[in-house]
Amino acid sequence: MISVVYFGTHHFSAHILESLIDSKLFDIKLVVTQPDRPAGRKKEIQKSPVKIIAQKYNLKIEQPETLKNYILPTAADLNITCQYGLIIPKVILDTAKHASINVHTSLLPKYRGASPIQSALINGEKETGITVMLMDEKMDHGDILKQQKITIDSDDTFVELNNKLLAIAPDLLIKTASDYVEGKITSQTQLHDEATFCKEFTRDDGKIDWDKTSEQIYNLYRGLTPWPGIWTEYNGQRLKLLEVKPAHEKVKQGKLISQQDKLFAGCAQNTSIEIIKIQLEGKNPMQAKEFINGFKNIL
RNA sequence: CGCGGGGUAGAGCAACCAGGCAGCUCGUCGGGCCCAUAACCCGAAGGUUCUCGGUUCAAAUCCGAGCCCCGCAA
């Protein structure tokens, strides 16, 4: 068995961790994840998805607030990280007997950073993939061990694409990690000149710019749904567009109109999007038809 | 005590501010029209107006308390 210290926080990472456990090839000596934080309207303390998995398998857990001056209590053959959310100092990377390995959800050097899946969708990419790499002290900068490409369908949203990547990532990681420990893989330096970066998104990033075309807005929807979602202002209130698709109706830019039971919004260059599911500030989500029934007089 | 919107027929909303027969668009059911229809016409059923208390001749509406849903923020 290969001993491992695992660093991770979010959902994708939790699945990766569980796959490592299931493979029975790895001995997870320690899981490092971000501290429990308040979330939701009532500010209830929530565990990270990775912590939940770690507890399910009774693994040892560490939740340092920061890794500055943090001393890893356990050394292992490999440090494996995925969506941990904090930069890991070189001192900690160097504790691994063989290497510190990272799983990243893009084809590096493209989309280094916090939101590779969302950003690829927003930019209308046709393909993306998984990169398994060696870590260095710069974010997503280390040498590449293995990559696997997948195609992005034009209707994939974050959920579908995330699932596609999740379907291939565990096997790629497990095989690459094992092969690396056995010395069967050589690493390859990234083409740093071609690197692009992506930031973490906030709700403001979901505000729709109606000067964009329906394709651009649809891509924004694909990348930011379900979180943080896309929205616009309507009568001074926030209107979330929970489900949309490109359409060909001619609608004045930035305007909402109803046609039979359907709802359309006008985008740039005479394009439009159909709104299928919608939520007004303070209200529950509703289908376009329900919205039309209730708000017909002001459409 | 973080800020704000909301709870009215199966759905989405109006009426509330300024108390006086609870209404609109759908859906459902029945009938009509039609070659036909999810279209159109006629009709019907369906309500403890979230709960409890208060004010009043009279409360969906005003006052007090509570429960629940949601948008921000974190």
Side-chain angles (χ1 to χ4, degrees), chain A residues 8-14 32-52 61 63-68 83-87 113-115 117-119 122 157-159 198-210 212 217-218 220-252 254-266 272-299:
Chain A
T9 300
H10 304 295
H11 280 101
F12 191 95
S13 184
V32 183
T33 188
Q34 289 201 34
D36 298 357
R37 298 192 194 284
R41 202 172 352 243
K42 289 174 185 162
K43 294 181 181 174
E44 284 166 357
I45 305 290
Q46 294 200 333
K47 307 172 191 176
S48 79
V50 165
K51 180 174 180 178
I52 291 168
I61 298 167
Q63 297 181 276
E65 194 63 52
T66 168
L67 294 183
K68 218 176 186 178
Q83 293 186 339
Y84 174 55
L86 296 175
I87 297 277
S115 60
I117 304 176
Q118 293 92 325
S119 298
I122 291 168
T157 68
F158 176 83
V159 174
C198 55
K199 56 162 192 165
E200 201 157 9
F201 289 104
T202 68
R203 281 200 167 86
D204 284 344
D205 293 311
K207 179 162 187 175
I208 296 170
D209 176 1
W210 295 106
K212 299 272 176 74
I217 291 171
Y218 182 58
L220 188 69
Y221 156 77
R222 295 199 295 143
L224 297 188
T225 299
W227 198 93
I230 63 169
W231 55 278
T232 187
E233 299 270 350
Y234 183 74
N235 287 349
Q237 291 184 303
R238 185 176 289 238
L239 185 66
K240 287 184 168 184
L241 307 189
L242 300 179
E243 192 179 343
V244 301
K245 66 179 181 188
H248 302 292
E249 308 303 314
K250 277 192 182 158
V251 185
K252 195 175 170 204
K255 295 291 175 197
L256 280 184
I257 62 153
S258 63
Q259 216 168 83
Q260 272 95 38
D261 291 339
K262 295 183 175 178
L263 195 58
F264 298 96
S272 61
I273 50 171
E274 180 185 347
I275 300 167
I276 297 161
K277 200 171 176 188
I278 199 168
Q279 183 176 23
L280 195 56
E281 181 176 327
K283 297 291 189 181
N284 288 318
M286 60 185 101
Q287 300 294 322
K289 188 174 179 181
E290 296 170 328
F291 183 81
I292 292 166
N293 278 337
F295 296 89
K296 182 167 282 179
N297 39 350
I298 50 175
L299 272 174

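Fair warning: this is a prediction, and the values are worked out from it, not measured in the lab. In what follows, chains are A, B, ... by sequence order, proteins preceding strands, each numbered from 1.
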Is any side-chain heavy atom of A:Ile276 closer than 4.5 Å to one of A:Glu274? yes
Euclidean distance, atom NZ of residue A:Lys262 to atom C1' of B:A38 [Å, nearest integer]: 12 Å
Give none if B:G20 has no partner; otherwise give the nucleotide forming a Watson-Crick or G-U wobble pair with it, both distances under 3.5 Å. B:C57
Mind listing the closest non-hydrogen atom pair of A:Pro49 and A:Thr9 along with its distance? CD-O, 3.1 Å
How long is the line joining CD of A:Gln287 and C1' of B:G10, in whole Å? 15 Å
Pair partner, B:G46 [Watson-Crick or wobble, under 3.5 Å]: none
Residue-phosphate contact under 4.0 Å: A:Arg238 side-chain N/O, B:C70 OP1/OP2: no
Could you list all the salt bridge (Lys or Arg N to Asp or Glu O under 4.0 Å) pairs where at least one residue sits in residues 276-296 of chain A, not counting sequence neighbours? A:Asp261-A:Lys289
I need the minimum non-hydrogen distance between A:Gly266 and A:Ser272, along with the two atoms involved. CA-CB, 4.3 Å
How far does the P atom of B:A44 sit from the matching atom of B:C3, given to the nearest Å? 49 Å
For B:A15 versus B:G20, give the span between their P atoms, rounded off to a whole number of Å. 13 Å
Rounded to whole Å, the CG-P distance (A:Asp204 to B:G71) equals 16 Å
Pairing partner of B:G10, by Watson-Crick or G-U wobble and under 3.5 Å for both distances, is B:C26
Sort out the partner of B:G64 for me: Watson-Crick or G-U wobble, both distances under 3.5 Å, none otherwise. B:C52
Using the C1' atoms only, state how far B:C42 lies from B:U55, rounded to an integer number of Å. 46 Å
Work out how far the C1' atom of B:G27 is from that of B:A11, and round it to whole angstrom. 7 Å
Among B:G71, B:U25, B:G27, the one nearest any side-chain atom of A:Lys296 is B:U25
For B:U28 and B:A9, measure between their C1' atoms and round to the nearest Å. 11 Å
Listed pairs under 3.5 Å, donor-acceptor, residues 227-244 of chain A side chains, sequence neighbours left out:
from	atom 1	to	atom 2	distance (Å)
A:Trp231	NE1	A:Arg203	O	2.8
A:Thr232	OG1	A:Trp210	NE1	3.0
A:Tyr234	OH	A:Ile298	O	3.4

Taking any strand in view, what nucleotide pairs with B:G2 in a Watson-Crick or G-U wobble way, both distances under 3.5 Å? B:C72
Under a 3.5 Å cutoff, is there a donor and acceptor pairing between the side chains of A:Thr225 and A:Thr157? no
Rounded to whole Å, please give me the gap between CG in A:Asn235 and P in B:G5. 16 Å
Using a cut-off of 4.0 Å on non-hydrogen atoms, how would the nucleic acid contact of A:Gln260 be classed: base, sugar-phosphate, or nothing? nothing
Candidate list A:Gln63, A:Gln46, A:Lys47, test side chain to side chain donor-acceptor pair (under 3.5 Å), partner A:Asp36, passing option: A:Gln63
Pairing partner of B:C40, by Watson-Crick or G-U wobble and under 3.5 Å for both distances, is B:G32
Side chains of A:Ser48 and A:Gln34 in contact at under 4.5 Å (non-hydrogen atoms): no
Taking ring pair (Phe, Tyr, Trp, His ring centres under 6.0 Å) as the definition, give me every residue that meets it alongside A:Phe158, ordered by chain and number, with sequence neighbours left out. none
Taking only N/O atoms, report every protein-nucleotides 11-13 of chain B pair under 3.5 Å with atom names and distance.
from	atom 1	to	atom 2	distance (Å)
B:A11	O2'	A:Glu290	OE2	2.5
B:G12	O2'	A:Glu290	O	2.7
B:G12	N2	A:Asn293	O	3.0
B:C13	O2'	A:Gly294	O	2.8

Please report the distance separating the P of B:C63 from the corresponding atom of B:A45, rounded so that it comes out in whole Å. 35 Å
Looking at residues 221-234 of chain A, who's got a heavy atom less than 4.0 Å off RNA chain B? none
Distance between C1' atoms of B:G66 and B:G23 (Å, rounded): 30 Å
Starting at CZ of A:Arg203 and ending at C1' of B:A74, how long is that distance when rounded to a whole Å? 10 Å
For A:Lys207, enumerate each residue passing the salt bridge (Lys or Arg N to Asp or Glu O under 4.0 Å) test, keeping only those at least two apart in sequence or located in another chain. none
Using atom C1' in both nucleotides, what's the gap between B:G12 and B:A65 to the nearest angstrom? 30 Å
To the nearest 0.5 Å, tell me how far A:Glu200 CD sits from A:Gln118 CD. 9.0 Å
